[in-house]
Amino acid sequence: MANIQLKNIYKIYPGDVTAVHDFNLDIKDKEFIILVGPSGCGKSTTLRMIAGLEEISKGELYIGDKLVTNALPKDRDIAMVFQNYALYPHMTVYKNMAFSLKLRKVPKDEIDKKVREAAKILDIEKLLDRKPKELSGGQRQRVALGRAMVRNPSVFLLDEPLSNLDAKLRTTMRSEISKLHKKLQTTFIYVTHDQIEAMTMGDRIVVMKDGFIQQVDTPQNLYNSPINMFVAGFIGTPPMNFFEGTIEKENNKLVIKTLGIKLPLLTNVISLESSSKYIGQKVTIGIRPEDLHVEEEFIKKDTSGVLDVNIELDEMMGSEILLHLSKEDVKFIAKVSSRFEATDSKVKIAIDCNKIHIFDPNTEKIIK
């Protein structure tokens, strides 16, 4: 069993600089957990504390049922894959993969069996006699994974392992690592700043900012139900659009005024109790680019949510077009079908009122 518990974990550097604040997380056995966030948010520091490469300033870390807060890395039954692969340049692929087992004085025939089994799973059997300089980036990454695999650890820690690869290879390796996780049935903790990697690979995602956990949830729940503006803006490509608005009561109905129009406030978006508290107050409205529509069926369906906007730029992305739009001084993006053809610099956009998110502008938290 390799369930992991992080209880009230802090990392405090000299000068009272806190990199990780009160980090609490329970990771289930065999779970694929992703730590994601911008540079400097504390995700790699957290991973290194789990690995034992950084000292935990406060808090407790359990791997299985064993308290390992102060244990040496070698006593934690973990294996780590780094961003730069960290392969020995003078050794062959075989020797790189076998090295940790050799240090542990594992019998030669067992080493050979483990190395060849891992090489077969990773499809690098033909590379065993080569040295790292003779390999591509993707092949080096497979060797780094294989070196971790032969140790048969309870936990795999991966620190931005794909960031040095080109876009096409990153896509391939994402699926390879996901398949590897299913095959090995081991706990994976994976750090990335790339939210596409996070959304496509993780069972659950931990979104971090400034050393604090913002939200822990499944990819779908993070996307559909972000708890604050940071998560809403970080998860999703392109990011969520934000507008300023005011909640008002008209003819016994609640509406939200924004960009010169009035949107009906639907109870599946915000409860009557919550919206009543904000009458006459400013709020922030969030809407994802794919929930802004140019199709005629949406325009006719509900004219209250239709905007006349200017097209400043259109980016063809293959199956879709990103429309960079403006209304007065507000700029935003709509993601529409590649079948759309702009005949003018102006266009009508329909806002899907079922898909808006409403945030408190002071706390930046979602209002439900």
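Along the sequence shown, residues are numbered consecutively beginning with 1. Side chains are part of it too, since the values below use all heavy atoms of this structure and drop only hydrogens, waters and symmetry mates.
A salt bridge does not link Arg116 to Glu125: none of the charged nitrogens lies less than 4.0 Å from a carboxylate oxygen. Taking a cutoff of 4.0 Å between a charged side-chain nitrogen and a carboxylate oxygen, Glu197 and Arg174 do not qualify as a salt bridge. Using a 4.0 Å cut-off between charged nitrogen and carboxylate oxygen, Lys348 and Asp308 count as a salt-bridge pair.
To the nearest 0.5 Å, atom CD1 of residue Ile270 and atom CG of residue Leu265 are 6.0 Å apart. Distance check: Leu222 CG to Ile227 CD1 gives 9.0 Å after rounding to the nearest 0.5 Å. With values rounded to the nearest 0.5 angstrom, Leu35 atom CG is found 9.5 Å from Leu157 atom CG. In this structure, CD on Glu244 lies 7.0 Å from OG1 on Thr284, to the nearest 0.5 angstrom. Separation of atoms OG1 (Thr187) and CD1 (Ile27) is listed at 8.0 Å; rounding is to 0.5 Å. Rounding to the nearest 0.5 angstrom, the gap separating the CE atom in Met149 from the CZ atom in Phe156 is 6.0 Å.
Hydrophobic clustering (side-chain heavy atoms under 4.5 Å, transitive across Ile, Leu, Val, Met, Phe, Trp, Tyr) keeps Val231 apart from Met229. By the criterion of side-chain heavy atoms lying less than 4.5 angstrom apart, applied directly or through intervening Ile, Leu, Val, Met, Phe, Trp or Tyr residues, Val155 is grouped together with Val216 in one hydrophobic cluster.
In this model, no donor atom of one side chain and acceptor atom of the other lie less than 3.5 Å apart for Gln215 and Asn228. With hydrogens and angles left out, the side-chain atoms of Tyr94 and Asp112 include a donor and acceptor closer than 3.5 Å. Checking Asp22 against Asn8 by side-chain atom types alone, a donor-acceptor pair falls below 3.5 Å. No hydrogens or angles considered: a donor-acceptor pair under 3.5 Å links the side chains of Asp360 and Tyr278. Looking only at atom types and distance, the side chain of Gln195 has a donor-acceptor partner in the side chain of Thr237 under 3.5 Å away. Side-chain contact, Ser274 with Ser271: a donor N or O sits under 3.5 Å from an acceptor N or O.
Ring-plane geometry between Phe298 and His293 is classed as parallel, the angle between the planes falling under 30 degrees on a 0 to 90 degree scale with a further cut at 60.
Looking at heavy atoms from C-beta onward, Asn241 lies in side-chain contact with Leu292 at the 4.5 angstrom threshold. Leu128 has its side chain within reach of Met97: a pair of non-hydrogen atoms, C-beta onward, lies under 4.5 Å apart. Side-chain contact between Phe99 and Leu101: absent, with no pair of heavy atoms (C-beta onward) separated by less than 4.5 Å. Two residues are said to be in side-chain contact when any heavy atoms from C-beta on lie closer than 4.5 Å; Phe23 and Val206 meet this criterion. Counting heavy atoms from C-beta outward, Ile256 and Ile358 have side chains that approach closer than 4.5 Å. With contacts defined as side-chain heavy-atom distances shorter than 4.5 Å, the pair Lys133/Pro89 does not qualify. The shortest distance between side-chain heavy atoms of Val309 and Val347 falls below 4.5 Å. Two residues are said to be in side-chain contact when any heavy atoms from C-beta on lie closer than 4.5 Å; Tyr190 and Leu47 fail this criterion.
Judged by distance alone, the side chain of Thr186 and the main-chain N or O of Leu184 form a donor-acceptor pair under 3.5 Å.
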All N/O donor-acceptor pairs, side-chain side in residues 66-74, below 3.5 Å, sequence neighbours left out:
| from | atom 1 | to | atom 2 | distance (Å) |
| --- | --- | --- | --- | --- |
| Thr69 | OG1 | Leu61 | N | 3.0 |

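Residue Val36 is tested with Val191, Asp194, Thr192 for a side chain to side chain contact (heavy atoms under 4.5 Å, CB included); the sole match is Thr192.
No more than 12 heavy atoms of other residues, nucleotides or ligands lie within 6.0 Å of CD in Glu341, so this atom counts as exposed by the packing criterion. Within a 6.0 Å sphere centred on NZ of Lys327, heavy atoms belonging to other residues, nucleotides or ligands number more than 12.
Looking at residues two or more places apart in sequence or on another chain, you find a side-chain contact (heavy atoms from CB on, under 4.5 Å) between Pro38 and Cys41, Phe230, Phe234.
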Report task. Take Ser44 and Glu160, measure what side-chain hydrogen bond (donor to acceptor under 3.5 Å, both in side chains) needs, and give me the verdict at the end. Result -> CA-CA 9 Å; Ser44 287; Glu160 306 216 30; 4.6 Å; no
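The heavy-atom pair separating Cys353 from Val269 by the smallest distance is O-CG2, 3.4 Å.
Note that Lys11 lies in the cation-pi zone of Tyr13, set by a 6.0 Å cut-off to the ring centre and a 45° limit from the axis.
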